[in-house]
Amino acid sequence: MADGTVLFALRESSLGQGAGGGQLRRIREAVEARGLEVRWAGSEADARAVLRTESGLAAAVVGWDLGGGENAPGGDAVLRQIGRRFKDLPVFLVMTDEGDEDLGRLPLWVSEVVVGYVWPLEDTPAFIAGRVAGAARAYREAVLPPFFRALRKFDDAHEYSWHTPAHSGGVAFLKSPVGRAFFDYYGERLFRSDLSISVEELGSLFEHTGPIGEAERNAARIFGADRTYFVLHGDSTADRMVGHFCVGRDEIALVDRNCHKSVLHGLVLSGARPVYLVPTRNGFGLAGPLPPDGIGAGTVADRIAGNPLTRRAVSPGAQYAVITNSTYDGLCYDAVWVARALAPSTPRVHFDEAWFAYARFHPLYAGRYGMSVGPETFAGPDRPTVFATQSTHKLLAALSQSAMVHVKAAPRAPVEHERFNEAFMMHGTTSPLYPAIASLDVAAGMMDGPQGHWLIDEAVTEAVRFRQAVVRTGARIEAAGDRPAWFFGAWQPEAVTDPATGERIAFADAPVELLRTEPACWRLEPGADWHGFAGLDDGYCLLDPVKVTLTCPGINALGETADWGIPARVLTAYLARRNIVVEKTDSYTALVLFSMGITKGKWGTLLDALMDFKALYDEGAPLDRVLPGLVGRFPRRYADMTLDGLCRSMHDHLRRAGLVTLLDTAFQELPEPVVPPQWCYGQLIRGGTERVRIADAAGRVAAAMVTVTPPGIPVLMPGESVGGADGPLLRYLGALESFDRAFPGFGSETHGVTVDPDTGDYSIACLLPGPAGE
Ligand SMILES: *Cc1c(COP(=O)(O)O)cnc(C)c1O
């Protein structure tokens, strides 16, 4: 592999037969002879294409006069694009004239971008190539973030180790055929870089010293935190750590009902008494944001007062609030707004940003992430201390399990490092995996400078293009008039306003430039039908364009059902057969993510599959052709059916059962809390719980979390009453149970529910009956 790539962006004609042309070719050869690869671009367009696709670039040699058309030199545009894409890439500008009057004509900004000038005939090719190669090598070293750089250096030193891990750089694996296969599979490098904490040169994750500490401080700068902690066991651990630090036994925690189970685990560990905050929902059954009204001081005080568990709390106010931001479906808050609303109720706010680590790197999300809440945006003594926990691996580029905790502390609730570090160590291993630390370091480094924006912008742009393509395809089908007019949709506004002109533009016709840069296009305007959430204020919540919810016919965001429809489970079963795996499936919607790994080919294939599904549906294709695996597994149920027949009967079932309405009532009122989560856990480990069929569960107290999709958020928390047989919760679970029986192979996504393989009965974990002795 070459030591890096050098872009030569020089006008085709400058390579002619003249002395200058021959000299440039010799410079190229001399650069190649120094182990670098050269990409030659003969025009501005070529150079831009190389810049878009070539991330191994280590230097650029650019001709000012590249022929940009309209009297533009072309070289200027290339220099600007380099500045947008790369931080500190060494650029050499090739001058054609002799003398310095040429230099004097260049715009002033050019000298800031350029590290050197090349007059091809003034120096020898070897000398010029040496300067380029030297700068390229220095750049390749300088771009490395602190820990990864130190790790590479250490690896190069080839020490003998007398410490753990006992595989000793992989050597132990070579002593058995099984180990050998493992070694060969990953290659030596993984094992060489899997080191023990005894390697002092690399610093300590527990003491946050040396290159590890430097890497954490570098990440804090990049993510805008006062302090950043690297967590190697997922955002789950980060959530438990922050929960365990912020709230103590019998203290009150305000918890977004739309929370991950790790937040609940934090409550079990700390012994906190949770008071839940309830998100809105729309007609699709998607969970929305916590409405502004629901987090105001008055409502929160009422909720605390109305919760029987808080009577025995050790202090009256909440020590901590935890909010999911963004939600799974891509709804993100004005974080300062949320912090202001919660400030009277609690001194600490934790944003769980498992799916949102990229927010700081694109202006669409300005002010929508936890670390944007600081003294500059929230002046005065009320500002709460803010924590943000992120699954770095989920939407940035890092190895699985890699996560970060970011802290921005306010005087009201100081976070002294020595104290927080106790929580940090309690939830960490004493044998961290160094490649995982390196991946956190690299994930941060990739976002540093202009390239962070560039990478996220690419995902946003492709998501916008896909969203527009879905709408346009639907419109084309309708206009063609030669087939049924229906198509799938994307959940988004039907029209947007260009703030510059005040003009209202149909979404499909809006310029990509507007949609990818203007946050106003993505805000949930109060009362708009497309999103269907009630009680929002302008600017409070924004739909993240990279999280695309596909909508199927059958119901709309207001919950109005149609006579026919296509349940999303059938669609995603078909997509899975085409090797397209979606992130989440609800009743009539499916979620797909546009991450940094997106390509046009990937979304083009998805769009194509949607059109194929439509064609199969419209032609009445037999099910054994569309979903042969399903028919093979359940021949009695599905043989002789057609795709449209299955969709119709499933839609009719969902409508008759009123699942979406049942879901709505199940969420209108939270179940009654009876005992705190930690008490339930105590019962669980002492045999004080049992599984109960939902048919028999009326009046019981749940011992474990129950989450069903939709809405993908907990319907029941440990310590909460299941309610009456006719109560909303058991009716909802009962309806899901009968759906699963009626449509084998399309079972609901349920966590905390056990399904009997023979009878299809649902059961859940409950406390043994008896007095609740909390
Ligand atoms: C996935 C997720 C987590 C846990 O993250 P891991 O990195 O998988 O441990 C926490 N919170 C939310 C909201 C999540 O979606």
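The analysis underlying the following values was restricted to heavy atoms, covering all of them including side chains, and did not include hydrogens, waters or symmetry mates. Each ligand, and each atom within it, is numbered from 1 in the order the structure gives.
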Option from F147, F230, Y229 for which side chain to side chain contact (heavy atoms under 4.5 Å, CB included) with L205 holds: F230

Heteroatom distance test (H393, ligand 1): nitrogen or oxygen, under 3.5 angstrom: yes

S391 neighbourhood, listing ligand 1 atoms whose heavy-atom distance to it stays under 4.0 Å: 5 (O), 6 (P), 7 (O)

Part of S236 with heavy atoms under 4.0 Å of ligand 1, whether side chain, backbone, both or neither: both

Residue part near ligand 1, for D239, under 4.0 Å between non-hydrogen atoms: side chain

Derivation of the side-chain contact (heavy atoms from CB on, under 4.5 Å) call for I252 and L309: CA-CA 9 Å; I252 295 171; L309 295 185; over 6 Å; no

Nearest non-hydrogen protein atom, atom 6 (P) of ligand 1: D235 N, 3.4 Å

Numbering as shown, the atoms of ligand 1 that approach W355 to under 4.0 Å (heavy-atom distance): 14 (C), 15 (O)

Sub-3.5 Å N/O-N/O distance, T237 and ligand 1: no

Best match, K261, K394, H260: closest heavy atom to atom 1 (C) of ligand 1: K394

Inter-residue atom distance F351.CZ - R368.CZ, 0.5 Å rounding: 11.5 Å

Test: E251 and R348 ion pair at under 4.0 Å: no

K547/D329 ion pair, N-O < 4.0 Å: no

Ring geometry between F356 and Y358 (parallel below 30°, tilted from 30 to 60°, perpendicular above 60°): perpendicular

contact_flag Q401 ligand 1 heavy-atom lt 4.0 Å: no

Atoms in ligand 1 with a heavy atom of A354 nearer than 4.0 Å: 2 (C), 3 (C), 10 (C), 11 (N), 12 (C), 13 (C), 14 (C), 15 (O)

More than 12 heavy atoms of other groups within 6.0 Å of Y681 OH: no

Over-ring placement of R383 relative to F378, 6.0 Å and 45° cut-offs: no

D352 N/O under 3.5 Å from ligand 1 N/O: yes

Check: T324 N/O within less than 3.5 Å of ligand 1 N/O: no

